[in-house]
Structures are given as C-alpha cells and as structure tokens.
*Asks:* 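My structure is below; once you've seen it, I'll send some questions.
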Amino acid sequence: MVTITEFQKIGVGVMGFGLFFLLFGVLLYFDSVLLAFGNILFLTGLVFIIGLSRTAQFFFQRQKFRGSFFFLGGVALVLCRWPIIGMLVESYGFVLLFRSFFPMALGLVLSFVNIPYLSAGLLKALRDLASKSYSAKSSGNDEADEADDLVGAEFSMGRWWMPKVVPRKTKKHQDLSSYNLNSFGLRYGK
C-alpha cells in the first residue's frame, strides 16, 4: 500500500486551491491576479506532492524542454499581467508536457462512465493515438525514456484500462394479450 505523507496531503490541497483560482480567474474574464495566484499555488502544490528534485527533473528533461519552456513562459506572462496570451501559451505548454498522461487519465474516466459504444470508440481512438505517439518517439538511454517506453507497452499490450463491452441480450417478445393488467399497469394472471 502506498503511504501518503503529510506534505503530499498539503500539496494536494494547495494544488486544488491553485486549480480553483485558475478556474475562477478564467471565469472572471482572465483576471490576472487570480490567474497568477492560481499558477503559483499549482506549482507549489506540485513541488509538495512530488518533491523539489523530481519537479526539477520533470520540467528540465531534454525531450520536454519545449513544453517546459511554453508552460513556464506562460506562467511568467501571466505574472507580467498579460493573462490571455499567458494562458494560451501556458495551455500549449501543458498539453506538450502532459500529453503522455492524457490517454491514461481519459481511459480511467471512461472506465468509470460506461457508455458502451461511445467509450469503446473513444478508447480505440486513444489506443491508436497512444501507439502513434510512442512509436514516433526517439529512443535514448535516459531513465525517463525507459519509463515512457514502459508506459507505451502498457497501452499496446495490456489494455487493462479498456472496459469490456458486453452486448445486450435481446428478450423474446411474449404474447401479452392473455395477461390482465391491474390499476398500476402491472400484469397478473393468465
């Protein structure tokens, strides 16, 4: 069982407040103060959850340099009171940084919400997208590349996140003319 430290619990709370302030800042027509406060709280919560060294390793990997540049540049633009441009740049950087996590997260959400044909189609599209993004990667000897390759193997081989679609069994039509209906519309007798 994974133990959660007190710093990680605090980090989840701080990150939650950061996301709240980011959402509230967007809803109030890109209020720069709320967005800046949300960005600072989000990054602080991330540091509390995974630690300072792991956060630095995550943001400053060679293959994630472009995403980190856009994300942290967007945060800097929001802090310089250019909220709309900053949030656009930050959103682009967020997508570049966390695109490998999107198929897993969406697959988990879709496994909770079981809409048979819709979730099966979306998960098939996600599986294809994940296999394309992992096959297009350049190989290296970094530990992060090895971890990403393991995640890619999970998608292409395991499919543990794909819900099973069970076809509905059709009922045979019964002759209902011989039944009597009570006042509630329920059948009785023959």
Side-chain angles (χ1 to χ4, degrees), residues 2-113 122-123 125-126 128-130 132-134 136-138 140 142-152 154-155 161:
V2 178
T3 59
I4 299 175
T5 65
E6 294 297 320
F7 278 119
Q8 289 174 337
K9 290 178 186 177
I10 292 170
V12 168
V14 170
M15 187 178 274
F17 277 119
L19 291 174
F20 170 75
F21 280 111
L22 283 172
L23 177 69
F24 202 56
V26 169
L27 289 176
L28 289 177
Y29 300 111
F30 293 96
D31 183 32
S32 61
V33 175
L34 288 174
L35 291 174
F37 194 58
N39 281 327
I40 291 170
L41 286 177
F42 179 79
L43 291 175
T44 305
L46 187 66
V47 168
F48 271 112
I49 290 174
I50 63 174
L52 186 62
S53 63
R54 285 187 182 174
T55 304
Q57 285 176 356
F58 176 76
F59 278 111
F60 299 118
Q61 292 176 6
R62 189 172 6 111
Q63 65 269 19
K64 293 185 178 181
F65 176 73
R66 189 171 53 165
S68 299
F69 177 74
F70 279 107
F71 183 77
L72 296 174
V75 171
L77 286 174
V78 168
L79 291 174
C80 291
R81 293 193 176 253
W82 290 348
I84 296 174
I85 297 170
M87 286 303 291
L88 288 174
V89 170
E90 185 179 343
S91 299
Y92 179 67
F94 185 83
V95 169
L96 288 178
L97 277 175
F98 297 105
R99 68 178 165 201
S100 62
F101 299 121
F102 289 145
M104 277 195 311
L106 195 57
L108 180 69
V109 169
L110 288 176
S111 69
F112 292 141
V113 179
L122 282 175
L123 289 176
L126 283 175
D128 295 341
L129 179 69
K132 286 179 186 175
S133 68
Y134 286 113
K137 271 184 158 182
S138 63
D142 294 329
E143 291 178 15
D145 285 340
E146 293 172 8
D148 287 342
D149 290 340
L150 289 176
V151 173
E154 240 178 299
F155 281 109
W161 48 274

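Treat the numbers as computed from the prediction; the structure is a model and nothing was measured.
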*Asks:* According to ring pair (Phe, Tyr, Trp, His ring centres under 6.0 Å), who are the partners of Phe69, at least two apart in sequence or on a separate chain?
*Replies:* none

*Asks:* Once rounded to the nearest 0.5 Å, what's the spacing between atom CG of Leu34 and atom CG of Asn39?
*Replies:* 11.0 Å

*Asks:* What's the spacing between Gln8 CD and Thr3 OG1 if we round to 0.5 Å?
*Replies:* 7.5 Å

*Asks:* To the nearest 0.5 Å, how far apart are CZ in Phe42 and CZ in Phe21?
*Replies:* 15.0 Å

*Asks:* Would you say that more than 12 heavy atoms from the other residues, nucleotides or ligands in this model lie under 6.0 Å from the CZ of Phe48, or not?
*Replies:* no

*Asks:* Quick check for you: to the nearest 0.5 Å, what is the distance between Phe70 atom CZ and Leu77 atom CG?
*Replies:* 10.5 Å

*Asks:* Looking at Ile10, I want to see if its CD1 is surrounded by more than 12 non-hydrogen atoms of other residues, nucleotides or ligands under 6.0 Å.
*Replies:* yes

*Asks:* Going by ring pair (Phe, Tyr, Trp, His ring centres under 6.0 Å), name the residues that satisfy it together with Phe65, two or more places apart in sequence or in a different chain.
*Replies:* none

*Asks:* Going by the rule ring pair (Phe, Tyr, Trp, His ring centres under 6.0 Å), which residues pair with Phe59 if we only count those two or more places apart in sequence or in a different chain?
*Replies:* Phe71

*Asks:* I need the full list of salt bridge (Lys or Arg N to Asp or Glu O under 4.0 Å) pairs touching residues 2-26, with sequence neighbours left out, sorted by first then second residue.
*Replies:* Glu6-Lys9

*Asks:* Once you round to the nearest 0.5 Å, how far does CD of Gln63 lie from OG of Ser68?
*Replies:* 9.5 Å

*Asks:* Rounded to the nearest 0.5 Å, how far does CG of Leu35 lie from CD1 of Ile40?
*Replies:* 11.0 Å

*Asks:* Go through the structure and list residues passing ring pair (Phe, Tyr, Trp, His ring centres under 6.0 Å) with Phe20, not counting sequence neighbours.
*Replies:* Phe24

*Asks:* With sequence neighbours excluded, what pairs up with Arg66 under the side chain to side chain donor-acceptor pair (under 3.5 Å) test?
*Replies:* none

*Asks:* Show your reasoning for whether side-chain contact (heavy atoms from CB on, under 4.5 Å) applies to Thr55 and Leu43.
*Replies:* CA-CA 9 Å; Thr55 304; Leu43 291 175; over 6 Å; no

